[in-house]
2 protein chains.
Amino acid sequence: MGKVSTRQHIIERADQLFYERGFEATSFADIAQAVGISRGNFYHHFKKKDDLLDAVVERRMANTRMMLDQWASAFPEPKDRIRAFIQILIVNQAKIMAHGCPVGTLCAELAKLEHVAQNSARQIFGLFRDWLAEQFRSLGRTQGAEALALHLLGRSQGVTALAMAFRDPAFVETEVAALERWLDSIDQPALPQDQPS
Amino acid sequence: MGKVSTRQHIIERADQLFYERGFEATSFADIAQAVGISRGNFYHHFKKKDDLLDAVVERRMANTRMMLDQWASAFPEPKDRIRAFIQILIVNQAKIMAHGCPVGTLCAELAKLEHVAQNSARQIFGLFRDWLAEQFRSLGRTQGAEALALHLLGRSQGVTALAMAFRDPAFVETEVAALERWLDSIDQPALPQDQPS
DNA sequence: GCTAAATTAGGACGCTCGACCTATTTCGGC
DNA sequence: GCCGAAATAGGTCGAGCGTCCTAATTTAGC
């Protein structure tokens with residue numbers, strides 16, 4: 001039936017704990033206890049803690065891709081798709097105020113540890129950046145699409161950082177409203193009849 | 001004599017290492033080695049690691065106050081003061097790309113550890129918020145001064161987050177330029193006549 | 001149904017950590 | 001110059017960590 005493999009179960013719980021407590025602060029014993037298996041069993045699935053981290057990052061990549069695809073199929077309009085991205089700040093507001101952005105905080109931690117996996121973690125941001133850039137391109141902003149994507153990504157990261165520090169729901173809502181106004185104000189240039197290069 | 005007390009020396013090095021490597025990842029042995037003292041000597045100055053963290057946060061608070069005061073005395077115009085804040089992103093660009101914002105990353109780490117000192121760390125953000133709000137008030141924005149301050153603080157945090165992840169100097173410079181344009185666009189309402197002062 | 005492989009359990013290791021302790025040295029007030 | 005306090009050095013302890021190991025159990029192929 002709904003039996004998920006132990007390996008998958010480990011990855012899911014590790015994903016959650018890495019998010020809530022951080023990578024270094026989460027021990028194998030913590031995860032084993034959360035999954036309900038022995039510590040020894042652990043090492044049959046993941047020899048090194050870094051292997052587990054790789055699997056978690058891979059899972060987050062896959063989940064992110066799924067989410068982006070889902071938005072793309074749910075919303076035909078690029079602006080609605082971008083709005084869905086902005087709305088994560090509201091949908092996950094409680095978690096964000098408690099533990100920040102899963103991607104941003106992981107990248108920050110790995111950067112401080114000078115961990116090899118920080119390149120992989122950065123790629124999750126890359127997924128959002130590229131997807132957002134594509135939406136802005138669909139809006140006709142073929143020129144600075146990537147800059148717009150990075151701008152929005154950065155704004156979103158800033159909201160999560162202060163949300164975590166101040167834990168003020170009103171701030172999050174104010175900033176989300178500002179982001180949506182910013183999005184609305186983006187001009188959707190009429191397509192020129194011929195491309196004057 | 002430039003002789004600084006051992007205690008002060010410890011705090012300075014700990015401040016630096018907490019920033020570069022993170023609080024938990026920095027051990028007493030690391031700091032002792034950096035200072036050039038024995039581990040035993042350490043415990044004469046700080047009984048608990050949390051005591052040292054408190055001292056580091058206090059130091060950062062004091063340094064922040066000094067920096068803000070310095071800006072206030074160097075720039076009579078509120079907009080120039082705010083511009084000085086924005087320019088930290090350029091002045092500390094290299095450090096920020098390597099280790100992020102000292103305040104933001106510390107708050108994030110302490111939040112994940114559910115550490116008692118996260119309230120103290122948050123106060124450093126509070127210093128910036130209040131100081132920025134005062135500048136916006138001086139600009140005539142008495143109404144939404146704090147919201148403007150938090151907006152700017154958040155924008156700055158977002159830049160540091162992506163700067164750390166992507167390590168792209170061009171992104172930082174683009175966003176700083178955007179922030180300065182945003183600042184310039186803030187309307188400075190004409191003072192009403194009945195404001196003699 | 002047998003057997004080899006996959007899975008699980010749990011102990012053991014070497015190490016590092018924060019914390020504590022006891023000596024020894026340095027220093028300042030009188 | 002004496003002496004008590006401050007400062008420094010370095011050892012030790014228990015706990016927790018990632019890692020590894022061996023043994024028991026379950027599973028799957030033929």
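The sequence lines fix the lettering, A, B, ..., with proteins before strands; numbering per chain opens at 1. Here the structure is a predicted model, which is why all the values come from computation and not from measurement.
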- Message: Rounded to whole Å, please give me the gap between CD1 in A:Ile37 and P in C:dA6.
- Response: 18 Å

- Query: For C:dG10, does either OP1 or OP2 sit under 4.0 Å from a side-chain N or O belonging to A:Ser38?
  - Reply: no

- Hey, what's the ring geometry for A:Phe128 with A:Phe85, parallel, tilted or perpendicular (30° and 60° as the breaks)? tilted

- Query: Just to confirm, is there a sub-4.0 Å distance from OP1 or OP2 of C:dT8 to any side-chain nitrogen or oxygen of A:His44?
  - Reply: no

- Message: Just so I know, are the side chains of B:Val57 and B:Leu106 near enough to count as touching, which here means a heavy-atom distance under 4.5 Å?
- Response: yes

- Message: I'd like to know if the side chain of A:Gln118 reaches the main chain of A:His115, judged simply by a donor and an acceptor atom lying under 3.5 Å from each other, with no hydrogens or angles considered.
- Response: yes

- Query: Please give, in whole Å, the distance from D:dA6 P to B:Arg7 CZ?
  - Reply: 14 Å

- Note on the structure: From CD1 of B:Ile10 across to P of D:dT8 the rounded distance in Å is 8 Å

- Task: Answer with base, sugar-phosphate or nothing: what part of the nucleic acid does B:Tyr43 contact at a heavy-atom distance below 4.0 Å?
- Result: base

- Selected nucleotide, minimal atom distance to A:Asp30 side chain, candidates C:dA12, C:dA19, D:dC17: D:dC17

- Item | Sidechain-backbone polar pair: B:Arg60 side chain, B:Asp15 backbone, donor-acceptor under 3.5 Å | yes

- Query: Within the structure, does a side-chain N or O atom of A:Thr6 lie under 4.0 Å from either OP1 or OP2 of C:dT8?
  - Reply: yes

- Query: Between A:Leu52 (CG) and D:dT19 (C1'), how many Å, whole number?
  - Reply: 14 Å

- Message: With a 4.0 Å limit, can you tell me whether B:Asn41 has a side-chain N or O closer than that to the phosphate oxygens OP1/OP2 of D:dA7?
- Response: no

- Query: Does B:His45 place a side-chain N or O at less than 4.0 Å from the phosphate oxygens OP1/OP2 of D:dT8?
  - Reply: yes

- Length of the CG-P vector between A:Leu53 and D:dG18, whole Å: 12 Å

